[in-house]
Structure formats: structure tokens, C-alpha cells
There are 2 protein chains.
Amino acid sequence: MAQNSNKKQVEQITDMEVDFTQWYTDVCKKAELIDYSSIKGMFIYRPYGYAIWENIQQELDKKFKETGHENVYLPMLIPESLLQKEKDHVEGFAPECAWVTYGGTDKLEERYCIRPTSETLFCEHYKNIIHSHRDLPKKYNQWCSVLRWEKTSRPFLRHREFLWQEGHTMHATAEEAEAETQQMLNIYADFMENVLAMPVVKGQKTDKEKFNGAEATYTVECMMHDRKALQAGTSHYFGDGFARAFDITFTGEDNKLHHPFQTSWGVSTRMIGGIIMTHGDNNGLVLPPRIAPIQAVVIPVAMHKEGVLDAATALLNRLTAAGVRAKMDASKQSMGWKAAEYEMKGVPLRVEIGPKDMEQNQCCICRRDSGEKVFVCLDQLETAVKELLDSVHEGLYNRAKKNLEDNTFPAFSLEEAKQIQQEKGGFIKTMWCGDLECEMKMKEEAGMTSRCIPFQQEHLGDVCPICGKPAKHMIYWGVAY
Amino acid sequence: MAQNSNKKQVEQITDMEVDFTQWYTDVCKKAELIDYSSIKGMFIYRPYGYAIWENIQQELDKKFKETGHENVYLPMLIPESLLQKEKDHVEGFAPECAWVTYGGTDKLEERYCIRPTSETLFCEHYKNIIHSHRDLPKKYNQWCSVLRWEKTSRPFLRHREFLWQEGHTMHATAEEAEAETQQMLNIYADFMENVLAMPVVKGQKTDKEKFNGAEATYTVECMMHDRKALQAGTSHYFGDGFARAFDITFTGEDNKLHHPFQTSWGVSTRMIGGIIMTHGDNNGLVLPPRIAPIQAVVIPVAMHKEGVLDAATALLNRLTAAGVRAKMDASKQSMGWKAAEYEMKGVPLRVEIGPKDMEQNQCCICRRDSGEKVFVCLDQLETAVKELLDSVHEGLYNRAKKNLEDNTFPAFSLEEAKQIQQEKGGFIKTMWCGDLECEMKMKEEAGMTSRCIPFQQEHLGDVCPICGKPAKHMIYWGVAY
């Protein structure tokens, strides 16, 4: 029914099978998630898009605090001399920094970059406040925006300015820092699977793909609907490299000076791009219920009939009281318009009530993920809605999981990898010798970068199919956003 | 008791009667609210300071949403040409902008300033999304940091970068926009009085002191412990000035084109400076309970004795379950150290329990505001703690209210105003003709700026005591932070 009545609205977005890129941009605009500003690559997070980020923040912030992290806020500007203290780090980031050279009418003696990430600032602060083993661990997190002056941009996926969180921690031992790195990766993975309904592959980045200045980078990789990869979150182990570069020391229980061991980890509004491309369809956005700004929209049917508006309001109030993020649309727009509108916005459940439903003490609930309609007895409203929200979550997760599993292929030669990539896309798994040369070759010949060396290893053979040398790991390749 | 045992800690901060400025800086540092960065005027919000801001955010954000506002996030950079569109606005802000001139290695064709405030960005966005009367009102708010390249700086009171919220709204009629301006000022005033325990004077700024580009600026003014004034929040009415400058129009119900009417309003981390200077004492910070990160700290007495730690843990768990932000300190530090530490951090209640208390089914609660100790029967723990927190709030509010009332003086000549200012400080109220010339004279001769024309007017005479011309208003003067 909705499929017919919302035809007009649906015509406004490009079919995802025809042009996935255009479909994506259409959804970002029509679902009112984002708008363009006059500076290329700098986007406006509109209320509906920002509300998704607020829900993400709330969930993650709770997890961070439960695991003993504290929020702080450090300055947005980094003096050039500070950025240069860690050699690998500055090499990676300096080319894409935006530089402040004037304060008011005065030319600055030293130029400052707007933070592309804040390792150097945290190190400077940690040097001031870490003196003894009693000052450790320090487990800080910061919610802020960062700037990277990139050439190309796409809503949520690549902004010159984007919102994120960056955790930065310092520990007395390498083991503790390594454990922190893993813990945070697991928090990200659980969050993506249990809240965003996005299945992940957990693993380690190759040396080529790791963060500038890190000893090891761990990642959660997701597969989008078009079978491309999205790096959705990373967690880095730094050893004591930055601590040495910044001369951060503490007196240990042994009364000697030591360098602390460091981690950082972050996720960004890029995840919203991931949500769109994992769950969306040709009717628009499909939001996982646990972060949807509106979980259920109540729509009165035949509003002019006596009692309908009261009945709908009662539904809304009951849902709100039960902790469901609900909204009512009692506007004069047609039922078809409303159906299309809330489909476009990806609202998980549409709850309709009209005179006939009232007679039968029921309402009609339509699921966004499947289009399925069920009639629910009003006595069971709260329970039924909560079960349906969980069911939508499961439905989305399972569909995405199937997409991931159905599109992960083993390959046993470079030629085969290339062919699979061209014909099917997805993740391609091979053995790998560990050499940069073979990684570069895969990039040049098959157009794929290494996604990660998954923690869950499989034995696909004894040799690297690219060079024939003994294999060290099984690795995932893919074309990534 | 605590007064003796914490002597050593207390010696670390300057007496507020001796040097209020140094006392303030000491509190900011020793209570671990803030730290300095390597860029002058850019500060680090440490966990304890940031946690106060998070509590402020949570309370205000709820109020903003209840009154129909939505959060958004706009870019941090403003092209110079955009900033220049409204003449008064750019004149006020351009001298203190930080300018970005390079993106990576490329010199930018146009330089961008880091937002000192975002009216121009919101106008650009509103132009894109407002077309019809059905698109109005737009009631947006943004939580972010802004940059103002000022010459002098002080923790919380004057940062080159500070955290704030900025509301920006657009309305179909002037009346509606004026009502919004007043509503938000009232939300600020209620928040300051009922949450921060800071009594306020509400009023309108003079033309000289109003926001650059506004038709009218309303303000809440507070009095600090040293009798100086703090402008704690402002709400601006713009008429359709920006809308005309940015060519924002909508089709009204009359099918004609109109310019919408605009407001903006903001409060910042400056309020934390206000909290410190309103409530603090010579033992350190004193936090109003409703935004204190720790409302009650549980301290086990004679921890080595059997059952004490369990009893203290039980207390902690009961308080947490009752929604009190509680923490336990079971560290090996002395009782004296702990008393001094939580006094310095301004924790409203210290809850002690030891073997003797356990025998008597009680705990001992010490109030931070008065130092008073009360024994509370454990059966009444939750109720008693909540009542005490409310009582601390009332106590702080009443003390601050008394300070405000006792130090607001009428003056009937410029000479008298000058003399009161020199001898007592505080707010000085006079009649005023409304002319800039008299306002400047008060500044030059008595060192005071106009604080506001209070909404609650009093009749102190018929003429302006500065020039002798007929008076238009009663006005407050003061020395301000």
C-alpha cells in the first residue's frame, strides 16, 4: 500500500542499483541529515542527522565512563613546533592541516594548525600532570571536531571538518596499554553490532595502513550494501614512542624514571555514513532502532472522526512513558505523504490508529525494515512495540551479516582476487607473506587495499599467492570508502 | 575539626581577602578544574572542570529541547566575505578573529576565520532552508567552542577558545522573536538561580553594550563575592537586520515575500568562573549541589576495623541507587588529607562512617557550605542526603542573594557613585537620561560600565544625576569581569 501511495516521494531518490553514489547523496539530503556550506568539504549537520550523533554519543559515553574514562577538552590549535615532535606523526598529518597565521590583525610568530587529531596536545598535557606511578593510568576522552584539509569530500564519509571522539590514555606498563587498546576495540565492535546492527570484522592493520606514529592499529571493518568496505573505528597502541618524543616520565614503584605507554582510539560521524549504506533501501534511510531519533511515529487515520486524535495522543503518551522515542504526526498531509516521509527518514515503526482500530481495541504497526504490517492489541502496546523494535534490530543485523558472509571470498592467486573483485566486489581473503611489496601489488593490479589481518584467522594455504613465499597471515582485501 | 586537620592543604591557596585574583587562580589550579596549554589564553578543561560543564549542558539541553529547540552543528570556519555581510557585526568581531590562510600546502584564495560566534553561518544556512511560512519558526541550538583572539586571559572568564552554546532562531513575526528572546533569558535566569544558586539581575543592555548587530540585548548580571559584576548570559533580538543583509525571505500566508525575525542567545563556561567566585571560600571551591560532579563523598573511618569498608560501600551503593552522584574514597590518605581534598574540590557533602557510627546505626555528614556536622540515622539516609543537598543549595543561594542585596547602592550624583565604588564596590543604581555621553562619563570618572537597565525599575528621582537632564530609566553600574 505504502509502496503505491508514496510513489511521488520515492521518485525523488535515485535507485541504489542504478547509481549507489547518487542514491547515497540523495538520502543524505532528502532525509535532511546534512546540508552543504559555502566551504567545500565542510558540511552542516542538520537536526535529524545531529540527533543520530547525539544518540551515538550517549551510548558510547556511558560505556567509556563505565570503563573508567573521563572527558576533557583540549585546545583546538596546535603550534607547528609541537606537531613536529613526533616524526612519523607530523609526516602523516602536516600535508592536510589548515593553518592559522593571523590572530586579529597581528601575524603570529609561529603558525598553528587546527587539530587533525590531538595526540601531541594530550602528550603536552600529560607531561605536566604525570609524575609518579600514582598518577597512572590516565584515561581521557574528548568529544570534539577535527579538521583535515582533504581534496575530495562526501557527506559523513569524508569531511574537512568532522565530529568524533578521541580517547587518549597513558599506562605504567605495555601490557596494560595493550589491554586498553583491545578493550576499546571490543567496545566499538559491540556497539556497532548491538546498537548500530552493523556486523564487523575485527583485526589488525598492516604497517602500511596503520596510524602515523602508532606501533599497532586495530580496526573494525564493515561491509556496505554495495559490498565496499568501511573502516568504522580504530584503536592504536603507541608503545612509549610519543612519551619518549615528548619526554614524559614517571617515577615507578622502583623509584626509577620510566616512560609511560600510550593508546588512542576514535570513532566519528563516519559511522552515520556506515548506517546509511548498510541498512538503507530505495525508499530512503533505514535506521537501527537503538539510535533512531524517532523510534515510532504515531499517525492518526481519519483524524476528523471523533476520538481518533485522542486515541492517537493516548498511544503517543503511553509509548513515551514506556521510554520509546515516539512522535505523533497529526499534520494535514495525506496518509501517503506521511508514509513516504517516515520511510525516507528511516523511522523503524509507523503506528497507525483509526476508527476501525479503535472499535477493535488495536492499532496497526508497519515495520520500516520489511514493510510488514501487524495488528497489535492495545493492551499489549508497550511490550509489542519494544519487541518489534528488537525484532527490527535483529532483522537489520541478520541481513547485513548475510551480506557480509555472502560476499567474502577466498582467493588463491592475484589473478583470481582481481577477477572476484571485478565481478563481485566484497572482501577477498588470501594468505599473505607480510611484505609491503605484495600489498602494493594487490593495490596496483586488483585495486584493493588491505582491510585487516583478522583476529579470527583461517588457514587457506601455506604460501602468499602473490609472491609464493611462505605466508604469515590470512588477510582481508577490499575496495574501501 | 576539619579546619585544623587540613591546615597544610589550605596553606596552598591564597587568602581571598588578601588577593582575590590570586585566590581565584589558585582554586582553578588546585581543584584541578583547568590547566594551561602552550598557547597563551587557550586552556585545558580538566576532568573535574569538564564534568561541571557536562552537568550544566545536560540541564540546559533538557530545557532547550522542552521548549522546542533542536541541536545542529555548523562548520567552524567562516569565509571572510560571509562575515562581512552584516556591517556592525563584522566591525565588532573582525579585530579578534583568528584567520586560516593555508589549507595543507596551498594558500587559500579567501581567508577563513574560526567562528567567534555563528550568526553569519546560521543565516547562510537559513537562507537555504527557509522558503515558506510553513518552514518557520526554526529554533536551532549549537554546542561548540568559539575563538576570540583577545589580548588578556583568565581561566573560565576570558579564553581565546571557550565552550558555549549558541541558540539561533528565525520567526515569522517580530512579536514571536521578541517572546523567544525573553523566554530564553528567563530560562537562563531560572537555571542560574535554581541550579547554580546564583541570584541574577535581569535587564536590557544599553546601546553601547549590546551585541554587534543586535537591535536589543538582554542580560543576566550576577554579583561575585568580591562585589564585581559578571555578565553570565545574554539573549539578543535582531529584528530582520541580518535577514535583510543575507537576503533571507519567506512566502507568508498572504502569498507575499517577507523577511523573518531573528534571535540568538548564549551562555558559556564563563558561568563556571561565576560559580567559583560566587560560592568559593578560603578552603577552596564550593559547588552548588545540582551541578556538582560529586554530590557526596563517602569516607570510611578506621578502615582497618572489621565491617567498616562494607558499611561504607553499602552507603555508597544506596546513595548511587537513589540517584545521588556519590563516590567513595577508601584510599590510604589520612582523614585530614581527605577532608581538605574534598573541601578544596567543593563537594557539597562528606559522609563519614566508622565503627562507632555503625554501632549506633548512623553516619556523620559534614556540609561544605557551613562546615556543620549532623548525625543521620541510616534508616533515613537517602531522604536526609537529598534534604541536605537542597539545604546546601538554599544556603548558597541565600548567602549570594544577601551579598547582592547588601552591596547594591543608590547614588544621586556622579561624585557619590564614584565614592561608593571606591569604598564599597558592588552595583550602583542611578537614574539615567539614556545618553552615551553620560555613560562614557561614568566610565571615565568612576571606572564603571553600565550593567543593565533592570526590568524591575525603581524611581530614584526625575533627572539623570550625571547631566541633570530628565531621566528615562533607572540603571545599574558596576566594575565587571
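Numbered from 1 within each chain, the chains take letters A, B, ... in sequence-line order.
Proximity to chain A is absent for every atom of Q142(B), based on heavy atoms less than 4.5 angstrom apart. Residue contact with chain A, scored on non-hydrogen atoms closer than 4.5 Å, is absent for N141(B). Neither the backbone nor the side chain of K139(B) has a heavy atom closer than 4.5 Å to any heavy atom of chain A. With a 4.5 Å cut-off on non-hydrogen atoms, W149(B) touches chain A through its side chain but not through its backbone. Residue Y48(A): no heavy atom, backbone or side chain, is found under 4.5 Å from chain B. For a residue to count as touching a neighbouring chain, one of its non-hydrogen atoms must lie under 4.5 Å from one of that chain's; by this rule K151(A) touches chain B with the side chain only. For a residue to count as touching a neighbouring chain, one of its non-hydrogen atoms must lie under 4.5 Å from one of that chain's; by this rule L121(A) does not touch chain B. Only the side chain of D35(B) comes within contact range of chain A, with at least one heavy atom under 4.5 Å from a heavy atom of that chain. Within the 4.5 angstrom heavy-atom criterion, only side-chain atoms of Y140(B), from C-beta onward, approach chain A. Interface remark: L163(B) contributes side-chain atoms only to the contact with chain A (heavy atom separation under 4.5 Å). For K65(A), the part lying under 4.5 angstrom from a heavy atom of chain B is the side chain only. Neither the backbone nor the side chain of E32(A) has a heavy atom closer than 4.5 Å to any heavy atom of chain B.
Distance check, rounded to the nearest 0.5 Å: CD of E70(A) to OH of Y50(B) gives 13.0 Å. In this structure, CZ in R46(A) is found 4.5 Å from CD1 in I129(B), a value given to the nearest 0.5 Å. Atoms OG1 and CH2, from T105(A) and W99(B) in turn, are 11.5 Å apart once rounded to the nearest 0.5 Å.
Interface summary for chain B: among A98(A), G49(A), P75(A), A51(A), the most heavy-atom pairs under 4.5 angstrom belong to P75(A). In terms of non-hydrogen atom pairs under 4.5 Å with chain A, the most contact-rich of M76(B), R148(B), E96(B) is M76(B).
Inter-residue side-chain proximity for V100(B) and L147(A) is flagged as unmet; no heavy-atom pair is nearer than 4.5 Å. When side chains are defined from C-beta on, E161(B) does not count as touching L74(A), because their heavy atoms never get closer than 4.5 Å.
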Verdict with supporting geometry, V72(B) and Y45(A), side-chain contact (heavy atoms from CB on, under 4.5 Å): CA-CA 6 Å; V72(B) 294; Y45(A) 294 89; 5.8 Å; no
Evaluate side-chain contact (heavy atoms from CB on, under 4.5 Å) for I39(A) paired with Y112(B), printing each intermediate quantity in order. CA-CA 9 Å; I39(A) 300 182; Y112(B) 304 139; 3.8 Å; yes
Give the intermediate values and the outcome of side-chain contact (heavy atoms from CB on, under 4.5 Å) for residues T101(B) and K107(A). CA-CA 11 Å; T101(B) 55; K107(A) 190 169 197 302; over 6 Å; no
Between L77(B) and I114(A), does the side-chain contact (heavy atoms from CB on, under 4.5 Å) criterion hold? Intermediate values first, please. CA-CA 11 Å; L77(B) 298 182; I114(A) 299 174; 4.0 Å; yes
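Checking E124(B) against S37(A) by side-chain atom types alone, no donor-acceptor pair falls below 3.5 Å.
Pairing each heavy atom of Y73(A) with each of S145(B), the nearest pair is OH-OG, 3.2 Å.
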